[in-house]
There are 2 protein chains.
Amino acid sequence: MMISTKGRYALRILLDIASAVPTTEYISLGDVALRQEISMKYLEAIVATLSRGGLVESKRGKAGGYRLARPAETITVADVICSAEGGISPVACPECDGQSCSRAGNCLTVDLWRQLDTMIERYLTAVTLQDLLDSRDLSVLFQNI
Amino acid sequence: MMISTKGRYALRILLDIASAVPTTEYISLGDVALRQEISMKYLEAIVATLSRGGLVESKRGKAGGYRLARPAETITVADVICSAEGGISPVACPECDGQSCSRAGNCLTVDLWRQLDTMIERYLTAVTLQDLLDSRDLSVLFQNI
DNA sequence: CACTTATCCTATTATGTCAATAGGAATTTA
DNA sequence: TAAATTCCTATTGACATAATAGGATAAGTG
């Protein structure tokens with residue numbers, strides 16, 4: 001789980017779309033496919049989930065396409081990954097939720113994974129699409145978390 | 001990739017072994033299996049990689065088993081995950097290494113994933129088996145990174 | 001020397017998710 | 001009507017993970 005091709009592609013796709021000069025313009029997946037060298041069909045599948053997640057708006061038919069549903073400053077990388085992959089947590093931790101946690105030995109690790117989750121989520125929430133578009137130095141954000 | 005069952009189990013196994021009262025004692029996988037409720041055979045597979053990674057020492061035959069190869073203070077969670085899963089990076093990033101990075105659009109994301117890797121690795125390197133055994137408050141370590 | 005308890009070694013299977021593709025239906029514009 | 005595009009449902013292939021199986025080797029014990 002965590003960050004697979006789907007998530008990485010989703011981010012690239014959104015950055016591509018967000019680069020449109022009037023941000024109100026609709027970008028077709030055909031154009032994105034050419035620029036990003038990802039197959040149309042796969043793009044469709046990924047964008048569908050982004051659309052369901054409310055990150056992009058679509059317009060069908062000729063001269064249709066996709067555009068961001070919100071300003072790039074308000075869309076975080078966490079939003080993108082969550083939407084594309086249905087979650088961020090790097091640890092699918094069955095021990096955490098429920099009964100099996102009764103064993104004392106396990107619970108030594110629960111806090112570790114929780115803390116890790118928190119950390120990753122904070123970081124990815126701190127970075128927006130606009131930050132990436134501006135090629136901002138992320139190590140600054142990294143310090144401030 | 002990232003942290004799968006194998007990695008989580010590996011950590012639990014090592015903590016179990018590390019809990020032995022004289023730390024020089026050899027703990028059999030049979031005992032670990034009972035306490036951790038993991039099948040012997042699966043344990044064997046996981047411990048084999050930990051052994052190859054130099055984290056545990058074994059003793060064969062009757063009254064044999066496993067013990068830590070180094071003090072628990074010197075074994076980090078990063079060591080364990082690396083050994084069990086062959087790496088930590090949550091992003092298998094083919095864009096990062098090599099030719100396809102020529103496209104400018106992609107490179108907006110490379111720094112993000114690098115930074116994330118660094119962050120996770122630092123955190124998991126900051127936590128040792130002993131920290132977990134002591135049930136130390138990890139949020140303190142978390143702040144100091 | 002047997003016997004028992006272990007680790008070790010090499011396969012194999014089953015499951016599931018990911019990555020990618022395929023074909024066509026619905027919609028909008030010109 | 002025609003072209004371009006999003007939408008919808010299904011399917012496939014490949015691969016990694018999770019787990020199991022059977023036996024070989026080693027070491028202690030009576």
Side-chain angles (χ1 to χ4, degrees), chain A residues 1-13 17 20 25-34 36-69 81 84-87 89-95, chain B residues 1-13 17 20 25-34 36-53 55-67 69 81 84-87 89-95:
Chain A
M1 80 150 25
M2 195 55 187
I3 297 168
S4 60
T5 302
K6 206 179 291 183
R8 286 183 292 110
Y9 280 8
L11 191 56
R12 280 170 56 192
I13 294 166
I17 291 174
E25 193 187 354
Y26 287 95
I27 308 296
S28 80
L29 289 188
D31 291 351
V32 178
L34 285 178
Q36 301 296 325
E37 300 175 38
I38 303 173
S39 88
M40 267 287 285
K41 282 301 185 181
Y42 199 25
L43 277 183
E44 286 182 20
I46 295 170
V47 172
T49 71
L50 297 178
S51 183
R52 257 179 265 119
L55 297 183
V56 295
E57 292 175 340
S58 65
K59 184 181 161 192
R60 300 178 71 165
K62 199 166 182 177
Y66 295 90
R67 67 182 183 191
L68 297 189
I81 302 302
E85 319 208 3
S89 175
V91 185
C93 187
E95 291 100 329
Chain B
M1 83 150 25
M2 196 61 188
I3 298 167
S4 60
T5 302
K6 206 180 290 182
R8 285 183 293 112
Y9 280 9
L11 191 56
R12 280 170 56 191
I13 293 166
I17 290 173
E25 193 186 352
Y26 288 95
I27 308 296
S28 80
L29 290 188
D31 290 349
V32 178
L34 285 177
Q36 300 297 326
E37 299 175 39
I38 304 173
S39 88
M40 267 288 285
K41 282 300 184 180
Y42 199 26
L43 277 182
E44 286 183 19
I46 294 170
V47 172
T49 73
L50 297 179
S51 183
R52 259 179 263 120
L55 297 183
V56 295
E57 293 175 339
S58 64
K59 183 180 162 192
R60 301 179 70 165
K62 197 164 183 175
Y66 295 90
R67 67 181 183 192
I81 302 302
E85 319 207 3
S89 175
V91 185
C93 187
E95 290 102 327

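Hydrogens, waters and symmetry mates play no part in the numbers below; they use all other heavy atoms, side chains included. Naming convention: chains lettered A, B, ... in sequence-line order (proteins, then strands); numbering from 1 in each chain. This structure is a prediction, so every number in the text was calculated from the model and none was measured.
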Within residues 55-64 of chain A, residues whose heavy atoms come under 4.0 Å of DNA chain C: A:Lys59, A:Arg60, A:Gly61, A:Lys62
Does a nitrogen or oxygen in the side chain of A:Ser39 sit under 4.0 Å from OP1 or OP2 of C:dA20? no
Would you please confirm or rule out a distance under 4.0 Å between OP1 or OP2 of C:dA19 and any side-chain N or O of A:Ser4? yes
Report the distance from atom [atom1] of [X] to atom [atom2] of [N], rounded to the nearest whole Å.
X: B:Glu37; N: D:dA18; atom1: CD; atom2: C1'; value: 17 Å
X: B:Arg67; N: C:dA6; atom1: CZ; atom2: C1'; value: 16 Å
X: B:Leu50; N: C:dC8; atom1: CG; atom2: C1'; value: 15 Å
X: A:Ile38; N: C:dA19; atom1: CD1; atom2: P; value: 12 Å
X: B:Met40; N: C:dT7; atom1: CE; atom2: C1'; value: 8 Å
X: A:Ile13; N: C:dA19; atom1: CD1; atom2: P; value: 12 Å
X: B:Tyr42; N: D:dA16; atom1: OH; atom2: P; value: 15 Å
X: B:Ile46; N: D:dT20; atom1: CD1; atom2: P; value: 11 Å

Sugar-phosphate only, base, or nothing, as touched by B:Tyr26 at under 4.0 Å among non-hydrogen atoms: nothing
By the 4.0 Å heavy-atom rule, please label A:Gly30 as base, sugar-phosphate, or nothing. nothing
Any idea which heavy atoms bring [X] and [Y] closest together, and the distance?
X: A:Ala69; Y: A:Gly54; value: CB-O, 3.4 Å
X: A:Ala20; Y: A:Ile27; value: CB-CD1, 3.5 Å
X: B:Ala84; Y: B:Ala10; value: CB-CB, 3.7 Å

[atom1]/[X] to [atom2]/[Y] distance, rounded to the nearest 0.5 angstrom?
X: A:Ile17; Y: A:Glu25; atom1: CD1; atom2: CD; result: 11.0 Å
X: A:Leu34; Y: A:Met40; atom1: CG; atom2: CE; result: 9.5 Å
X: A:Lys62; Y: A:Ser28; atom1: NZ; atom2: OG; result: 12.5 Å
X: B:Lys6; Y: B:Thr49; atom1: NZ; atom2: OG1; result: 7.0 Å
X: B:Glu37; Y: B:Arg12; atom1: CD; atom2: CZ; result: 8.0 Å
X: A:Leu55; Y: A:Ser51; atom1: CG; atom2: OG; result: 9.0 Å

Quick one: which of A:Leu29, A:Ile13, A:Leu50, A:Val32 gives a side chain to side chain contact (heavy atoms under 4.5 Å, CB included) with A:Tyr66? A:Leu29
Could you tell me whether the side chains of A:Arg8 and A:Thr5 share a donor-acceptor contact shorter than 3.5 Å? yes
Within the distance-only criterion (no hydrogens, no angle test), does the side chain of A:Glu57 pair as donor or acceptor with the backbone N or O of A:Arg67 below 3.5 angstrom? no
Please, what dot-bracket string fits DNA chain C when only Watson-Crick and G-U pairs with both distances under 3.5 Å count, crossing ones use [ ] and pairs to another strand use |? ||||||||||||||||||||||||||||||
Please write out the pairs of protein N or O atoms and N or O atoms of nucleotides 22-24 of chain C separated by less than 3.5 Å, giving the distance to one decimal.
residue	atom	partner	partner atom	Å
C:dG23	N7	A:Lys41	NZ	3.3
C:dG23	O6	A:Lys41	NZ	2.4
C:dG24	O6	A:Lys41	NZ	3.2

